[in-house]
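Let me begin by presenting the structure, written as structure tokens, before commenting on it.
Here is the naming used below: chain letters follow the sequence lines, and residue numbers restart at 1 for every chain.
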There are 2 protein chains.
Amino acid sequence: MTNATIEDVAKACGLSRATVSRVINGEPNVKPLTIEKVKKAIAELGYHPNIHAQALSGGGAKTVGIMLPRIWRSYYSSLLSSIEEVAAQEGYYALIMAKDYLKNAERIFDEGRVDGFIFRNMDHVEEHERLFLRLRKRNVPFVLIGNPLRDYPAITIDNVGGGRAVAKHFAMHGFRKIVYLGGPSDNVDSNDRYFGFRIGFEESGMNPEGILRINGDYSTKSGYNAISEIMLTQKPDAIFAANDRMALGAILYLHKNGVCVPQDIAIAGFDDSYFAKYITPALTTVRQPFREMGTAAMKQLCSMLKGSSANPGKIILPAKFIVRASCSCPYSHDDSLDVLDAVENSE
Amino acid sequence: MTNATIEDVAKACGLSRATVSRVINGEPNVKPLTIEKVKKAIAELGYHPNIHAQALSGGGAKTVGIMLPRIWRSYYSSLLSSIEEVAAQEGYYALIMAKDYLKNAERIFDEGRVDGFIFRNMDHVEEHERLFLRLRKRNVPFVLIGNPLRDYPAITIDNVGGGRAVAKHFAMHGFRKIVYLGGPSDNVDSNDRYFGFRIGFEESGMNPEGILRINGDYSTKSGYNAISEIMLTQKPDAIFAANDRMALGAILYLHKNGVCVPQDIAIAGFDDSYFAKYITPALTTVRQPFREMGTAAMKQLCSMLKGSSANPGKIILPAKFIVRASCSCPYSHDDSLDVLDAVENSE
DNA sequence: TTACATTATGAAACCACTCTCATTATGTAA
DNA sequence: TTACATAATGAGAGTGGTTTCATAATGTAA
């Protein structure tokens, strides 16, 4: 019932462990006939090499740690599935970790559980900096997703470009009084989107100093609250939210208070979540290529694990600006049918 | 730079590996002073026991395989995060696997990578049956989520109860001609919801034979297509979809073709996805407690891993019927604000 | 003080592999 | 045939822990 060992295989074909090991690892200088015999025995015994023994004798765990923030977002599904897919192709396994990963990352590496990491780092920049510095010192391979820091390998999307595209579009519509509804103040994605928006606004001949920034925490509720606060004193032309959920929160508040979107106030979001095209009004937003991010990150990590020591730097994936109705452009819900064939993983 | 070993710790405090091992594992009969010394050395060296060595000498991998279908749904985020949370509490780690898990599950167990499994098994009942039978024979602990089979430990939601609640509500509204928009024909969830619906319909004094069933694949597009087909020959009073996405697909088709929802045709879905309360009309649906499912599954698995041999059978979690506008009940989008505080993980 | 139980520690085997090095078998050139 | 290179295989050490068993140190009762 218990699994066969390499010793069992060796005995079964009258050879030594060493020779069986050679066959398993495809080393040269083994007689073809011997290879035959060993493979037959392996098949008959249903033998699979014990990973711990392999790892212990220098092979590594063939596992990577996927470190995600405590607060899960549903688009992690796309991220995870693409990561796992690439990992499987390359003979690696994915260990996920969310709770307290800042505290535990180094330990699970020390324990030999993982050979490297992918971090979806969001906030708490300083803590991450400290961790990354230690890992770098110890030559632990890791890749960041979505929040580039220093010269660490990172996969990002073009937040600046996305923000800029929204700004130019807003400027084209003639919106002047803008509210930027950001994520947490130390969130790099949010800050980059803000930065890009300012640039784009300025490039369009508008004054970026008039942009009012208020921060939420990416939740629907925080978008609702932030806008309810702003509306006490302001009446902007348009709102650019750092993600779709906060944009939706804003819409909910405005609708509840009799403000028409987009006629009175236009809105754009970020992410192109699953629901974006189905709410009313359909949300103008910037699409994040989550699957591609996961794929790129895992490929990057694999090449580092296989010894490529060259620091690959950052990969910036394009973000696609999606125009729908919430910016006051013409759009019919029927339009969403055209893209119904697209993979439904985006959120 | 390379990690300290137990030997290093032993040397550092002039003791043997055995004694250090005792301290680490909290065994009795070690002098308090010795414990002190060892702990100090461990702290100074930053020592962490190597998991592979521990596993090799009988400890197990302290890892469980989380096996998810190839097609990822966004609610897996909730499932995974709760699973990981419980796992961390209990000193376990979560290895996720999606691609070809039917083929690979047994292998990764043989390799010693995992000590047990959680399966989110969906379709392909026969293949799963074969796998589970083999695992059972080999005494491999595993728990199923969402699709109970034979007497294997499983965490399910009350699909039958959910379907029944929808049926009773539909009957109360006086809907007679019903279309059931199911998932794949061998999908247990879908079949149970259908079954529950029939029961509820019958219990309400209606004739369940009039229910027309048509299957999609849970995607928005398939819901759209299925209803477009049905509408060529039928004009139902109401549609009950096996998930929210297909319900949305149906709504999209109906709107596009000038059919009013819910005035002309009422609709209910299943899942209570994030978007359900935000689309127009807000979707009447049945809420799945994904986080609770993950928690229950992992707790169950842990108790099995810790030796509890009693077969715990099935745990059926309640599903909550949520009335909104799409069944033609009065509902304002503002109502969704009341639940905005709820955790936003559900999808 | 002796006798014996109990506590505290170490030596070494064991887990299932890989890898080095030694040894034997085979092939080729002088 | 000898000499030597190369191919094929095995013995054994090493990987980092746990665990058994033996032994030394300490405690307690007669």
Side-chain angles (χ1 to χ4, degrees), chain A residues 1-39 41-42 45-63 91 107-115, chain B residues 1-39 41-42 45-63 91 107-115:
Chain A
M1 199 51 63
T2 172
N3 311 328
T5 71
I6 198 173
E7 185 72 44
D8 298 332
V9 176
K11 267 192 198 131
C13 44
L15 290 161
S16 71
R17 293 203 308 274
T19 301
V20 175
S21 175
R22 284 185 189 103
V23 173
I24 292 169
N25 299 301
E27 279 165 35
N29 300 341
V30 185
K31 250 203 316 213
L33 181 68
T34 306
I35 296 181
E36 281 299 304
K37 280 199 292 184
V38 171
K39 287 198 167 163
I42 287 177
L45 292 169
Y47 166 73
H48 295 294
N50 181 293
I51 172 62
H52 299 116
Q54 283 186 329
L56 203 49
S57 51
K62 294 290 176 204
T63 304
R107 176 176 58 73
I108 67 172
F109 177 81
D110 282 341
E111 291 176 345
R113 272 188 193 283
V114 298
D115 306 325
Chain B
M1 202 50 64
T2 174
N3 313 327
T5 71
I6 198 173
E7 185 71 45
D8 298 332
V9 176
K11 268 191 198 130
C13 44
L15 292 160
S16 71
R17 294 204 306 275
T19 302
V20 175
S21 176
R22 284 185 189 105
V23 173
I24 292 169
N25 298 301
E27 280 166 33
N29 298 343
V30 185
K31 240 193 340 203
L33 181 68
T34 306
I35 297 182
E36 280 300 302
K37 281 199 290 184
V38 170
K39 287 199 166 161
I42 286 177
L45 291 169
Y47 166 73
H48 294 294
N50 181 293
I51 171 64
H52 299 117
Q54 288 193 147
L56 247 195
S57 46
K62 293 290 176 205
T63 304
R107 178 177 55 74
I108 68 171
F109 177 81
D110 281 341
E111 291 175 346
R113 270 187 194 285
V114 299
D115 306 326

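- The B:Ser16 side chain lies nearest to C:dG10 when the options are C:dG10, D:dG16, C:dA8.
- The backbone N or O of B:Ala4 sits nowhere less than 3.5 Å from a side-chain atom of B:Asp8 that would complete a donor-acceptor pair.
- Taking the side chain of B:Gln54 as heavy atoms from C-beta on, and the options D:dT19, D:dG17, C:dC17, the nearest nucleotide is D:dG17.
- The side chain of B:Glu27 has D:dT19 as its nearest neighbour among D:dT19, C:dA16, C:dT18.
- The separation between B:Arg17 atom CZ and D:dG17 atom P is 9 Å, rounded to whole Å.
- Note that the CD1 atom of A:Ile6 and the CG atom of A:Leu15 stand 11.0 Å from one another [nearest 0.5 Å].
- Candidate nucleotides D:dA13, C:dT9, D:dT18 were compared by shortest atom distance to the side chain of B:Val30, and C:dT9 ranks first.
- Annotation: the span from A:His48 atom NE2 to A:Thr5 atom OG1 amounts to 14.0 Å, rounded to 0.5 Å.
- Closest to the side chain of A:Lys31, from the set D:dG10, C:dT18, D:dA8, is D:dA8.
- When distances are taken from the side chain of B:Arg22 to each of D:dG16, D:dG10, D:dT20, the shortest belongs to D:dT20.
- For A:Asn3 and C:dC15, the CG to P distance is 14 Å, given to the nearest whole Å.
- Between B:Thr34 and B:Ser57, the residue whose closest nucleotide on DNA chain C is further toward the 5' end is B:Thr34.
- Atom-to-atom, CD of A:Glu111 to P of D:dT18 comes out at 12 Å; the value is rounded to the nearest Å.
- Here the nucleotide nearest the side chain of A:Ala18, chosen from C:dC15, D:dG10, C:dG10, is D:dG10.
- In this structure, a donor-acceptor pair under 3.5 Å is present between the side chains of B:Arg113 and A:Thr63.
- Listed for the B:Asn3 side chain is a donor-acceptor partner under 3.5 Å among the backbone atoms of A:Asp110.
- Atom C1' of nucleotide D:dG17 and atom NE2 of B:His52 are separated by 12 Å, given to the nearest angstrom.
- Spacing between atom CG of A:Asn50 and atom C1' of C:dT18 amounts to 13 Å, rounded to whole angstrom units.
- Annotation: of the two residues near DNA chain D, B:Pro49 and A:Pro32, the 5′-most nearest-nucleotide partner is A:Pro32.
- When heavy atoms are screened at a 4.0 angstrom cut-off, B:Ser21 is found touching base atoms of the nucleic acid.
- Protein atom CD1 of A:Ile42 is 10 Å distant from nucleotide atom P of C:dC17, rounded to whole Å.
- What separates CG of A:Asn29 from C1' of D:dG10 is a distance of 15 Å, to the nearest Å.
- Within 4.0 Å of A:Leu15, counting heavy atoms only, lie sugar-phosphate atoms of the nucleic acid but no base atom.
- In this structure, B:Lys62 places its NZ atom 16 Å from P of D:dG17, rounding to the nearest Å.
- Each of D:dG10, D:dG17, C:dT9 was ranked by its minimum atom distance to the side chain of A:Thr19; first place goes to D:dG10.
- Each of B:Gly58 and B:Pro28 was assigned the nucleotide of DNA chain C with the nearest heavy atom; the assignment lying further toward the 5' end belongs to B:Pro28.
- Summarising the geometry, atom CD belonging to B:Glu7 is positioned 9.0 Å from atom OG belonging to B:Ser16; distances are rounded to the nearest 0.5 Å.
- Among C:dT18, D:dA8, C:dC17, the nucleotide with an atom closest to any side-chain atom of A:Asn25 is C:dT18.
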